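The structure under discussion appears below in the form of structure tokens.
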Amino acid sequence: MAWDGTLTPMPVNEDFVPKIQVFEPHRASLPPLIPYLKEFWTRRSFALELARFTDKAEYLDSRLGKIWLVLNPLLLGFVYYLVVTIIRPGGKDPGLTRLDHLLIGLFTFYFAQNCVTAGASSITAGGRLILNQAFPRALLPFSSAIQSFQQFLPTIPVYIFVLVVGKWAYPTTIVPGWTWNFLWIPFILICTGLTGFGLALVFATLNVYFRDTNKLLTYITRIWMYLSPVLWLPNTLRGSMKILLYINPLGPVLDATSRVWVSGESLNKLSFYGSIFWALASIMIGGYFFISRERDFAIRI
Amino acid sequence: MPNDLAIRIEELSITYKVSLEAKRTLKNAVMRASLKQKERTRTIEAVKSLTLDVPHGSVLGIVGSNGAGKSTLMRCIAGILSPTEGRVIVNGKISTLLALGVGFNPALSGRDNIILGGLASGLNMDEISDKTDEIAEFAALPDGFIDLPVRTYSSGMYGRLSFAVAVSMTPDILLLDEALSAGDAAFKEKSFERMRQLCAEARTILIVSHALATVTDLCDTAIWMHKGSLVAKGKPEEIVDGYLKFLNVGSLPSSYEDM
């Protein structure tokens, strides 16, 4: 009954394009990065469509649908504004400038936070896809980052609307006129997105190994927000406390946000280099941590 | 690797550790670290130095009892799991059906899910859009169901759709794990036909199945795995015969012990 080893060679099908793939051992080390990044780039439309479809599914059953995308951050801004003005009534606030700082800080912070929280659960939520198909797993948290960016976009007109109405109701509100410094905005958003995506890679990996990471993450993000210049102004930090702004991955980029959006100023050196440093550090550390372990995910899920 | 081979597996071993903790949590990890305890784990040798060549155009059946390492082997060939030792060389585009319900989001429609599954497997938007209606037709979904959320599907419809997606990708190598259990007799016949068509087009198919008749009907070669090792390979009827005898007797035939 033993096989004699003589299988007749079969003709190769007509549309066959040789595509040799070699799978070799690698556990906590990186796979060949160039093919990985190539595969990642080839399947980018998967990440885009997944973001679009997840967004669609999320609001499918909600009566107000996508209006929540605008309503949610607006209500949050209102709640935090109440908290801040009740805690510090009568502060030196020219009109609604404080609200403007809080709103754009909150919207930017939530963009990063959504990247992290949605990205963190993207691997455990993608169970079947991961068990069934081989593709660069980083596409899943990347898709969450795209979705977070898409959810951030509608908050920009909300911010501008509040700014204009605020100026009309409280003429002392500081509103920057048109300035070329607004060209820093894409830089700020890219740094925020990259930092969020990098951190998402770390938490997504942790979440595969320890399923309570997500629970912890809700507390981490809350503390993170209180330590970020969202509810307070960056220039209120004095002396050694200023370090808080730079050891926080979102500190420099939120400082930059406030400078550009609220005051129409340019970035200072610390916020510029700080934003770049944290974006690159998050991507590199998160990328290494995630990619070196992603072939292990199918066993752990 | 010779051109006529679709898959070459060299001395492949896959070992992994599983935690014996009821739930792996950060809290438990911190508690253990503070008490200087080690995590209780068990090492599973899912595949043990397995060597195998699969020529293009062959249909290989894989039989073996639960825990034989069949699914782990399939996942390694698909590039989902990495080998612990040895290597796997694959030549050709792979399509897989290893877990039913390929990445399907139940809130989305069948059409949206087909698009997502296709994009994940590396097709582009145009290629998939052309295929969605064909897939829906093959899966024999009742009228209009393709645009309804997948959560409204019966389990049969769900299984048929998964199978239809996997076979429609015109893969060079198709990996199927217990996929033919989906659907009724009529659908099973249709799936067999589709697979025969894929064979006629000289595509390579690997089938893991507990339905031994499937293996004898469809495959031209079969292997029998037991506890991670390759026990025998040969003609499907002979392999299935040997495996059935083993199931009845409960011990491996002495002739296999040195394999």
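Computed from a predicted model, the values in this text were never measured in an experiment.
- In the displayed structure, I247(A) atom CD1 is contacted under 6.0 Å by more than 12 heavy atoms of other residues, nucleotides or ligands.
- Contacts of I115(B) with chain A are made by side-chain atoms alone, with heavy-atom separations under 4.5 Å and no backbone atom involved.
- Partner of F297(A) under the side chain to side chain contact (heavy atoms under 4.5 Å, CB included) criterion, out of V208(A), T124(A), L131(A): V208(A) alone.
- Only the side chain of M125(B) comes within contact range of chain A, with heavy atoms under 4.5 Å apart.
- Interface residue I130(A): only backbone heavy atoms are found under 4.5 Å from chain B.
- For chain A, the nearby parts of A120(B) are the backbone and the side chain; heavy atoms of each come within less than 4.5 Å.
- The neighbour count for F142(A) CZ, taken as heavy atoms of other residues, nucleotides or ligands under 6.0 Å away, does not exceed 12.
- T213(A) touches chain B through backbone and side chain together, each having a heavy atom under 4.5 Å away.
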(message) I'd like to know whether K56(A) forms a salt bridge (charged side-chain N to carboxylate O under 4.0 Å, His left out) with D112(B), so could you lay out the CA-CA distance, the side-chain angles of the two residues, the decisive distance to 0.1 Å, and finally the verdict.
(response) CA-CA 10 Å; K56(A) 186 170 147 189; D112(B) 292 350; 2.7 Å; yes
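- Note on E127(B) versus K131(B): no salt bridge recorded, every NZ/NE/NH1/NH2 to OD/OE distance being 4.0 Å or above.
- The contact between F53(A) and chain B is made by backbone and side chain atoms together, counting heavy-atom distances below 4.5 Å.
- With chain A as the partner, the residue from G86(B), G118(B), S109(B), S71(B) showing the most heavy-atom pairs under 4.5 Å is G86(B).
- Figure legend: R222(A) and Y226(A) shown without cation-pi pairing, the cationic atom not lying both under 6.0 angstrom from the six-membered ring centre and within 45 degrees of its axis.
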